[in-house]
Amino acid sequence: FGSSGRLSVLFQASEKRALAMAEASAGSGTALHEVVDRVLRLTLNDQVASTISPQDVAGLQLRAMEANSMLASSGDGAAAAFTATPTLCALAVECINIVEREELTLGVARLVSGGCEILATLLLLMPPRTSGNLSGHFSWVDDTLEEISDQLDFLALEIYCGLGRLEGALSESEALPVVLDPVFDDFGSFWGSIEHRQALQELSAWLLCVVFRALGYGAVTSRSLMEFANNDVLCLCSLLRGLLASTLSERSGLPHDLAEIQAEALSALCGLTAPELAFPFLRQGGPGQSGDIEDQNRVLRFYLEVLCAAVVETGLLEASLNAALHLVRPRGGLTAQLPERGLTSASKLLAFLAALTLQGEGDSMEASAPSPGARVRDEVRRRADRLGSLLEAVLASGPEGSSLKEVVISCAILSASLAEHESVDGSEDGFTLACRMLLPVCLDSGIPEGAEGAVLLVALAALASNVGDFEVHHRRLTELVSALKPADRLRASARLSRRDPSRLPARRLPELQSLFAEPGMAPEVEPEPVAELAADVADSPVATAPSAGLRDLVQNAPKEFRCALDGKLLCDPVLSPSGIAFERATLARWLQKHGPTCPVTGEPLQLEQCRRSPEIRKRVTEWARREARQREPRRKRK
């Protein structure tokens, strides 16, 4: 969606859309009429009318009345939608285009949501391309999406900035201004910061609903979502948080298939740790392709740090965990396939969180500026009981083979993070208890032969060590290890000593290494990869760029887009009370080393006094995208 011409390529994936989606046509005319009527009534609200220009108000009212007239004269069902499609598309464009001229206030957010909802409903009614029946008025939807692809791209950034401002306000005050709207209280009870955030979250849900339905639910991947967000992981995490934090109810005004969209979104989210996503320009054969392995590993580590920060800062960790728990405990009205899909998403979420916690291994929350990985580990620890409930639901489904192995590996990594913090009263969290239940079941049922069995066994040994049950299961572990072939034993032992993302952290590492070592031989420790011997990420000139392809852009960035401390491109900008822009991590390191003093003015300064600036980040992102597009090979329009 990010640039003109891209949508026509992505939209071809909609051929995979199930024929059953067309069955939603019953009542579609009524549903569209309700959306159009809501848009019309919003334009009559004084607060909304005072926000947008009189020309926009008049244009929206004209389009809405015309659409209502056509829907009323065409009856109900897909026939009504088919007849009114050109007018409905025009109304949707009018609604979405407002975001280019006005800020996403509460009323504007609801107007834009109405436009997205119209497009999402029409996408649901469009026949699959394989049916050969896309001609006629429904082709207007395809053309409309192509026409507003840049507006949707800009809308995603506006939602991110709006949510960023509101989250900052919510964290600073528990008493937010909440004002009852006496005229149109059926739009939502209140007009204030809390209601504004809810409106932006609903807008996130409808925007991603358009994306998911355009691509086809089964065709949505982490890569396609990153392309939609122009490889801006913070922006994408903010949108996903809005989607996953939404809850379907009679008055929610959200997609009826929200649970299905959330299940697909969780699966795509869990793929964001894939290494290739750190190199968008490298995939396209652009700048940075010749970078050596050290540079590439530094870029990858920096990408994962940004991902960790985004997951925590946007509240995505909390929202994804709640959504996963909701999916594995379905209520009435969900399809029969959702529990199974929810369990798959839950297993992937455990692996995703495990991969993120590895980034903070050895880092402490006691530091004045904890690392993003340390913050993820702290957030995981705070939610250990709910993680235990999620794990219990996954284990109740009876995972086998490679699925069971991945679950055990995730548990081993997460339990290592939890083992670093003992509870004050000595009680154990729900996740640790669930892991303890898992151990005897797996060990008593036996281990498969070969490399897969060896990896499962070393993961079980690490898990036993991390939850304090190593002595309890030591005899059984010894029996199973002695049955391994020498090559499999060596392969298993290597997982304990590696320094890459495939390592298995364990509390009693020397004992585990001795357990898997050949009798009479000292445990063999795998040498560190070359990239691990490189200088710290903070000292690398690559570390300030979100991808290898932007290294040359850093040197040419305008002065206002550079950190006042190190002169590098701003990726996570904060503003000091005196209005000076710094890269947050760079400033944090400075304050930690030199004390609470501004490096520019010399005045007293605390990190907490420096607020994040989504506005600067948006300007930097827009500039970087313009520069990057000039380097991309031009795609052929289809």
How many angstroms lie between [atom1] in [X] and [atom2] in [Y], if you round to the nearest 0.5 Å?
X	Y	atom1	atom2	answer
Ser482	Leu480	OG	CG	7.5 Å
Ile447	Leu456	CD1	CG	4.5 Å
Leu321	Arg383	CG	CZ	7.5 Å
Leu316	Glu379	CG	CD	11.5 Å

Query raised in the report: Side chains of Asp232 and Tyr160: donor-acceptor distance under 3.5 Å anywhere?
Result: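 Per modelled atom types, Asp232 and Tyr160 side chains form no pair under 3.5 Å.
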Query raised in the report: Going by an N to O cut-off under 4.0 Å, is there a salt bridge joining Glu471 and Arg508?
Result: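 Salt bridge: yes.
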**Report entry** Trace of the salt bridge (charged side-chain N to carboxylate O under 4.0 Å, His left out) decision for Arg375 with Asp378
**Finding:** CA-CA 5 Å; Arg375 297 178 64 192; Asp378 186 62; over 6 Å; no
Search all heavy atoms of [X] against all heavy atoms of [Y] and return the closest pair with its distance.
X	Y	value
Ala259	Leu327	O-CD2, 3.6 Å
Leu504	Ala412	CD2-CB, 4.3 Å
Cys411	Cys435	CB-SG, 3.9 Å
Phe516	Ser493	CB-CB, 3.9 Å
Ser222	Ala268	CB-O, 3.1 Å
Glu583	Pro573	OE1-N, 4.4 Å

Query raised in the report: Under 6.0 Å from the CD atom of Glu449, do we count more than 12 heavy atoms belonging to anything else shown?
Result: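 No, the 6.0 Å shell around CD holds no more than 12 heavy atoms from other groups.
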**Report entry** Heavy-atom neighbours of Glu400 CD exceed 12 at 6.0 Å
**Finding:**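 It does not: Glu400 CD has 12 such atoms or fewer within range.
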Query raised in the report: Which residue, Val380, Leu418, Leu390, forms the side chain to side chain contact (heavy atoms under 4.5 Å, CB included) with Phe431?
Result: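 For Phe431, the side chain to side chain contact (heavy atoms under 4.5 Å, CB included) check succeeds only for Leu418.
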Report task. From the options Gln262, Gln201, Glu318, select the one residue that forms a side chain to side chain contact (heavy atoms under 4.5 Å, CB included) with Leu244. Result ->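 Single side chain to side chain contact (heavy atoms under 4.5 Å, CB included) partner of Leu244 among Gln262, Gln201, Glu318: Gln262.
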Requested in this report: Take Val211 and Val220 through the side chain to side chain contact (heavy atoms under 4.5 Å, CB included) test and state the conclusion after the steps.
Outcome: CA-CA 9 Å; Val211 176; Val220 175; 5.8 Å; no
Looking at [Y], is its backbone amide N or carbonyl O close enough to the side chain of [X] to form a donor-acceptor pair, meaning the two atoms are under 3.5 Å apart?
X	Y	answer
Arg436	Val467	yes
Ser238	Leu234	no
Asp469	Pro440	no
Ser246	Gly242	yes
Arg223	Glu276	no
Ser345	Ala263	yes
Ser514	Pro510	yes
Asp429	Thr432	yes

Requested in this report: Show the numbers, then the answer: is there a salt bridge (charged side-chain N to carboxylate O under 4.0 Å, His left out) between Glu452 and Lys405?
Outcome: CA-CA 8 Å; Glu452 291 291 310; Lys405 182 194 70 173; 2.8 Å; yes
Query raised in the report: Does the pair Leu350 and Glu406 meet the rule for a side chain to side chain contact (heavy atoms under 4.5 Å, CB included), with working shown?
Result: CA-CA 9 Å; Leu350 291 174; Glu406 295 302 324; over 6 Å; no
Report task. Could you go through the salt bridge (charged side-chain N to carboxylate O under 4.0 Å, His left out) check for Asp566 and Arg589 one step at a time? Result -> CA-CA 11 Å; Asp566 61 11; Arg589 286 193 294 270; 5.5 Å; no
Report task. Could you check Leu325 against Arg386 for side chain to side chain contact (heavy atoms under 4.5 Å, CB included), going step by step and ending with a plain yes or no? Result -> CA-CA 8 Å; Leu325 284 170; Arg386 277 184 287 170; 3.9 Å; yes
Requested in this report: Please test Phe352 against Leu307 for side chain to side chain contact (heavy atoms under 4.5 Å, CB included), starting from the C-alpha separation and ending with a verdict.
Outcome: CA-CA 11 Å; Phe352 175 71; Leu307 179 58; 4.1 Å; yes
